[in-house]
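Take a look at the structure below.
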Amino acid sequence: MRVSRFPIPTLKETPADAEIVSHQLMLRAGMIRKLASGLYSWLPLGVRVLRNVERVVRQEMERIDAAEVFLPAVQPAELWQESQRWEQYGPELLRFKDRHERDFCFGPTHEEVITDLVRGEIKSYRQLPVTYYQIQTKFRDEIRPRFGIMRAREFIMKDAYSFHTNPASLQETYDRMYQAYVAVFTRLGLGFRAVLADSGSIGGHTSHEFHVLADSGEDAIAFSDSSDYAANVELAEAAAPVEPRPAPTESINTVDTPGQHTMEALASFMGVPTSRCLKTLLVKGEAGGLIALCLRGDHHLNEIKAEKLSGVLSPLTLAEDADIRAATGAGVGSIGPVGLEVPVIADRAAAVLADFVCGANQDDRHLSGVNWGRDLAEPQVEDLRNVVEGDPSPDGDGHIAIRRGIEVGHIFQLGTKYSEAMEATVLDEDGKSCLVTMGCYGIGVTRIIAAAIEQNHDDRGIAWPAAMAPFQVAVLPLNAARSERVRQAAESVYAALSAAGIDTLIDDRGLRPGVMFADMELIGIPHRLVVGERGLDQGMFEYKGRQDAEPTLVPQSDIIDFLQQRIAH
RNA sequence: CGGGGUAUGGCGCAGUCUGGUAGCGCACCUGCUUUGGGAGCAGGGGGUCGGGGGUUCGAAUCCCUCUACCCCGACCA
């Protein structure tokens, strides 16, 4: 392509409302422009990157025999009512009516549509297993779109759905899909990890997320420092302390604690570490009453773990202030489990505290020297908290380290959640009707692009991994307007590279060298070829890789071979 | 939705407190010079100051109201 006919509107200045580097660079490189909150137009350069990512994804899907489909973005409410998700999904689901006042939504995902398709088309176990996939625009009305393309409302996703007669077959496809994901992210040149994950609202059980490791990531990933254990912090088990609870040494005592409403303030006021304080949270129970959740003062509640406990309302809902006062006689900040008339569930670490500090259920008063089993009943003990750096690894090998990750893929074993709700059945060998078992597998195609930039940039701009680069080579003629020799040499090498099947961009804008250099570095073209009088006098082109410190001279006659080799690895 | 902030030419900003009819840098257009790391000089075009209402002789500036966008928290590929 010629830059004169392939507009790349680069920006010298960083747009004020772009927070993270990938967002800034995508705007500056002229890949995207914002239309409205969470909605972006893709310019020609961005589209080329997008197509490259899609191509790799398609190839790896085809390699494991997944078949591509294209599904409606607009979906009828009836389908979502069948799966119960019309009610469950909440305001994130963009709903609207057509001219006949019929309810529709813009698909945030396609489980319902694909299940509907399959139940109509697949009748026999002989047709299974089968895997469909789609690469399409989806829409989620995010509470807070941010970070540009990273958390947009409209985004492109690859979703695959597999259908089976039994869990073993699902496991087999799941494993192949896992390997396909490893292949996709490896080919795209990303530093990533597969981690154990929660399956969330989509349902099902076994689940892995694929995360690109980056400090700007929105997810916290727990790793073992000595084994290959990796899990989303949401899911990582906090092992029970090995040390037993110490014997009580203090007696219970009521202390006036005016104005001490945070754990930090309370701990310093009482002269104890926050790890000797007990934090009590009141949440709504399934039966309508309240349930007290107790944690060590230095630990944080894991809401996903909490809402999975029987008796606790899901989704987890904190009690209203009025209900808290009615149940405890005090306000938030002064509540504790002693004398409380509601069920008490303590985190494993909180359950081995002795002589601890907790709220007295009277405003501005706390208790010190409190002990389970002596001053109040032994609580129900559960894993309630987020793991923290230094915790023992749940697999018993090593200790937990926590890093940030960008979730770019997620695979689930759905089981029969959707087939049951939507009555997707096939006839088995015995001619009996049985529910199909499903898996689903997502890749955030647009998000991958932002994640790749987070991992591959420097102070000059983007440095694309080869598989994503919008062009492989940039040909830069210096002073072509003054030198017919330069112009012709540049045109002929451009033609030769293009003929050799190499994606090449020639900067024929006739700008000063510095501008071309800066633009090509900003947009991240991996290989740069400078054509100037100086080099031509020696029969040379000047080559520089995006990450190279110094250019190298390459004989004109060798240039195609030379570049093909560079591009190949 | 709660808390904080912003809105002035394509982009980045000043001007707002203390009302007097809009400015700077970059970008854009023309000409000349220049040309191996974002050129120089000269000339030029472009803004209902987010919308509506009000106060005033006069509003970017003060008051009311609406909207959009950004940041911090709860949602997810």
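Atoms considered below: every heavy atom in the structure, side chains included; atoms not considered: hydrogens, waters and symmetry mates. Order of the sequence lines fixes the chain letters, A, B, ..., with proteins taken first and strands second; residue numbering starts at 1 for each chain. Only a predicted model underlies this, so the values are computations on that prediction, with no experimental measurement involved.
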If we take the [atom1] atom in both [N] and [M], what is their distance in whole Å?
N     : M     : atom1 : answer
B/U48 : B/A42 : C1'   : 32 Å
B/A14 : B/G54 : C1'   : 28 Å
B/G2  : B/U61 : C1'   : 31 Å
B/G31 : B/G38 : P     : 24 Å
B/C28 : B/C75 : P     : 46 Å
B/A22 : B/U8  : C1'   : 8 Å
B/G52 : B/A7  : C1'   : 16 Å
B/G5  : B/C63 : P     : 15 Å

Remember a base hit wins even if backbone is also touched, and classify [X] as base, sugar-phosphate or nothing at under 4.0 Å, heavy atoms.
X        : answer
A/Val408 : sugar-phosphate
A/Gly532 : base
A/Leu11  : nothing
A/Gly90  : nothing
A/Arg153 : nothing
A/Gly535 : base
A/Ala152 : base
A/Asp159 : nothing

Minimum heavy-atom separation for [X] and [Y], please, with both atom names.
X        : Y        : result
A/Gly30  : A/Leu45  : O-CB, 4.1 Å
A/Asp298 : A/Thr274 : CB-OG1, 3.4 Å
A/Val486 : A/Pro477 : CG1-CB, 3.9 Å
A/Gln547 : A/Ala463 : NE2-CB, 3.7 Å
A/Ala474 : A/Met520 : CB-SD, 3.7 Å

Does [N] have a Watson-Crick or wobble partner in any strand here, with both distances under 3.5 angstrom, and which is it?
N     : answer
B/U34 : none
B/C28 : B/G44
B/G20 : B/C57
B/G73 : B/C1
B/G9  : none

Whether A/Phe517 stacks on the six-membered ring of B/G36 base, 5.5 Å and 30° limits: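 No.
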Tell me which of A/Glu92 and A/Val530 sits closer to the 5' end of RNA chain B, going by the nucleotide each one is nearest to.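 Of the two residues, A/Val530 wins.
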Go nucleotide by nucleotide along RNA chain B from the 5' end; which of A/Thr10 and A/Glu209 gets its closest nucleotide reached first?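 Closer to the 5' end of RNA chain B: A/Thr10.
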Partners of A/Phe104 by ring pair (Phe, Tyr, Trp, His ring centres under 6.0 Å), sequence neighbours excluded?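 Here no residue qualifies.
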May I ask you to evaluate whether [X] reaches the phosphate of [N], defined as a side-chain N or O under 4.0 Å from OP1 or OP2?
X        : N     : answer
A/Ser37  : B/C70 : yes
A/Arg534 : B/G36 : no
A/Arg146 : B/G73 : yes
A/Lys34  : B/C70 : yes
A/Lys12  : B/A27 : yes
A/Arg512 : B/G38 : no

With a sphere of 6.0 Å drawn around CG of A/Asp215, does it hold more than 12 non-hydrogen atoms of other residues, nucleotides or ligands?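 No - once you tally the heavy atoms of other residues, nucleotides and ligands closer than 6.0 Å, there are 12 at most.
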Nearest whole angstrom, please: distance from the [atom2] of [N] to the [atom1] of [X].
X        : N     : atom1 : atom2 : value
A/Asp17  : B/A68 : CG    : C1'   : 12 Å
A/Phe155 : B/C76 : CZ    : P     : 12 Å
A/Gln88  : B/C76 : CD    : P     : 12 Å
A/Glu521 : B/G36 : CD    : C1'   : 13 Å
A/Arg33  : B/C69 : CZ    : P     : 18 Å
A/Glu154 : B/A77 : CD    : C1'   : 14 Å
A/Lys544 : B/G36 : NZ    : P     : 17 Å
A/Arg404 : B/C76 : CZ    : P     : 16 Å

Choose from [options] the nucleotide whose nearest atom is closest to any side-chain atom of [X].
X        : options             : value
A/Glu303 : B/C76, B/A74, B/C69 : B/A74
A/Met157 : B/A77, B/G37, B/G38 : B/A77
A/Arg144 : B/C71, B/C1, B/C69  : B/C71
A/Ala16  : B/C13, B/C76, B/C69 : B/C13
A/Arg151 : B/G25, B/A74, B/C76 : B/C76
A/Glu13  : B/C26, B/G36, B/A77 : B/C26
A/Arg528 : B/G37, B/C75, B/A77 : B/G37

Take A/Leu522 and A/Ile462 through the side chain to side chain contact (heavy atoms under 4.5 Å, CB included) test and state the conclusion after the steps. CA-CA 6 Å; A/Leu522 175 60; A/Ile462 302 168; 5.8 Å; no
base_contact_polar (B/G38 base, A/Arg509 side chain, donor-acceptor, <3.5 Å):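 In this structure, the two groups form no donor-acceptor pair.
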With hydrogens left out and only the distance checked, is there a donor-acceptor pair under 3.5 Å joining A/Asn479's side chain and the base of B/G36?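 Check fails, no donor-acceptor contact within cut-off.
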Going by ring pair (Phe, Tyr, Trp, His ring centres under 6.0 Å), A/Tyr178 matches just one of A/Phe185, A/Phe210, A/Phe412. Which one?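 Running ring pair (Phe, Tyr, Trp, His ring centres under 6.0 Å) over A/Phe185, A/Phe210, A/Phe412 with A/Tyr178 returns exactly one hit, A/Phe210.
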Using the side chain to side chain donor-acceptor pair (under 3.5 Å) rule, pick out the option among A/His410, A/Lys138, A/His110 that qualifies with A/Asp159.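 For A/Asp159, the side chain to side chain donor-acceptor pair (under 3.5 Å) check succeeds only for A/Lys138.
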